[in-house]
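Throughout, residue positions are numbered sequentially from 1 according to the sequence presented. A quick note: this is a predicted structure, and the numbers were derived from the prediction, not measured. Order of listing sets the numbers, starting from 1, for every ligand and every atom in it.
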Amino acid sequence: METIKIKYFTDKIDKLTYIDRKSDWIDLRAAEDIDLKKGEYKLVPLGIAMELPKGYEAHIVPRSSTFKNFGIIQTNHQGVVDCSYCGDNDQWFMPVYALRDTHISCNDRICQFRIVENQPKIIFEEVFSLEGADRGGFGSTGKQ
Ligand SMILES: O=c1ccn([C@H]2C[C@H](O)[C@@H](COP(=O)(O)OP(=O)(O)OP(=O)(O)O)O2)c(=O)[nH]1
C-alpha cells in the first residue's frame with residue numbers, strides 16, 4: 001500500500017477511486033466542461049495535483065473508449081508526470097486534439113494513470129561497434 005497526498009482543484013469532480021471490475025489503473029476526470037471544434041487542441045485540466053512517492057513517476061494514457069466517446073486523441077500519446085511535479089499549483093493536464101466537433105462534460109472520465117518506479121540511472125558508454133547480431137531493422141520479421 002502507498003499513501004499519496006492529493007489536492008483537488010475543484011469539488012465538481014469525483015474523488016479518485018478504483019473503478020469496479022477495472023484493472024489497477026485509476027481513471028482521471030475532466031475538471032471543466034469543454035467544447036472543441038474539429039482540429040482544435042486543448043490542455044484539459046484534470047483537477048488534481050499529487051505528491052508522488054519518491055522514486056516513482058506517473059504515466060497517463062487515454063481510456064480505450066476515449067476516442068469512441070469524445071473523438072479526441074492524447075497528443076503526447078503517454079503523459080509522464082515526474083516526481084518533481086509536486087507543487088501546490090502543479091495540476092495534471094491531458095493534452096488533446098479533436099478529430100471532430102466534440103463536448104467533454106466536467107467529471108467525465110477521459111484518461112487513466114498508474115505510478116511506476118523510475119528506471120535505474122543510466123551511464124552511456126560510447127563504443128565504436130556493438131557486439132550483438134543485427135536484427136534486420138524494423139518490420140524484418142514480416143506480417144504474420
Ligand atoms: O500528459 C501530461 C504530461 C505532463 N504533465 C505535467 C507533469 C510533468 O512532470 C510536466 C512536464 O512534462 P514533460 O517533462 O513531459 O514535458 P516537457 O514538454 O518536457 O516540459 P518541461 O520542460 O516542463 O519538463 O507536465 C501533465 O500534466 N500531463
### Task
Quick one: which residue pairs count as a side chain to side chain donor-acceptor pair (under 3.5 Å) with a foot in residues 119-141, not counting sequence neighbours?
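Non-adjacent pairs meeting side chain to side chain donor-acceptor pair (under 3.5 Å): zero.
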### Query
Are P53 and I4 side-chain neighbours, meaning at least one heavy-atom pair lies under 4.5 Å?
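The answer is yes, as the side chains (C-beta and beyond) meet within the 4.5 Å cut-off.
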### Message
Within the structure provided, determine whether D108 and F70 are in side-chain contact (heavy-atom separation under 4.5 Å).
### Response
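Yes; the side chains approach each other to less than 4.5 Å.
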Would you say [atom] makes contact with the protein, given that contact here means a non-hydrogen protein atom less than 4.0 Å away?
{"atom": "atom 28 (N) of ligand 1", "answer": "yes"}
{"atom": "atom 23 (O) of ligand 1", "answer": "no"}
{"atom": "atom 19 (O) of ligand 1", "answer": "no"}

### Message
Could you check whether atom OH of Y18 has more than 12 heavy atoms from other residues, nucleotides or ligands sitting under 6.0 Å from it?
### Response
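No - once you tally the heavy atoms of other residues, nucleotides and ligands closer than 6.0 Å, there are 12 at most.
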### Within 6.0 angstrom of K38 NZ, more than 12 heavy atoms from elsewhere
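Open.
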#### Entry: Shared hydrophobic cluster, Y97 / I110 (ILVMFWY, side-chain heavy atoms < 4.5 Å)
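Cluster IDs for Y97 and I110 differ.
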### Query
Same cluster or not: are W25 and V116 linked, directly or through other Ile, Leu, Val, Met, Phe, Trp or Tyr residues, by side-chain heavy atoms under 4.5 angstrom apart?
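In one cluster: no.
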### Query
Taking the hydrophobic residues Ile, Leu, Val, Met, Phe, Trp and Tyr, and joining any pair whose side-chain heavy atoms are under 4.5 Å apart, which ones share a cluster with I122?
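Via sub-4.5 Å side-chain contacts, I122 links to F124.
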Element-labelled atoms of ligand 1 that are located less than 4.0 Å from some non-hydrogen atom of [X]:
{"X": "W92", "answer": "27 (O)"}
{"X": "G79", "answer": "1 (O), 2 (C), 3 (C)"}
{"X": "P95", "answer": "1 (O)"}

### Task
Give yes or no for whether the N/O distance cutoff of 3.5 Å, strictly under, is met between D82 and ligand 1.
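Min N/O separation from ligand 1 is below 3.5 Å for D82.
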### Query
Would you say ligand 1 has an N or O under 3.5 Å from any N or O of F93?
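N/O-N/O distance below 3.5 Å exists for this pair.
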### Query
For atom 3 (C) of ligand 1, what is the nearest protein heavy atom, given as residue, atom name and distance?
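Ranking protein heavy atoms by distance from atom 3 (C) of ligand 1, first comes N76 ND2, 3.5 Å.
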### Query
Which residue supplies the protein heavy atom nearest to atom 25 (O) of ligand 1, what is that atom called, and how far is it?
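Of the protein heavy atoms, Y85 CE1, 3.8 Å lies nearest.
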### Option nearest atom 12 (O) of ligand 1 (shortest heavy-atom distance, choices I48, L52, V80)
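Among I48, L52, V80, the closest heavy atom to atom 12 (O) of ligand 1 comes from V80.
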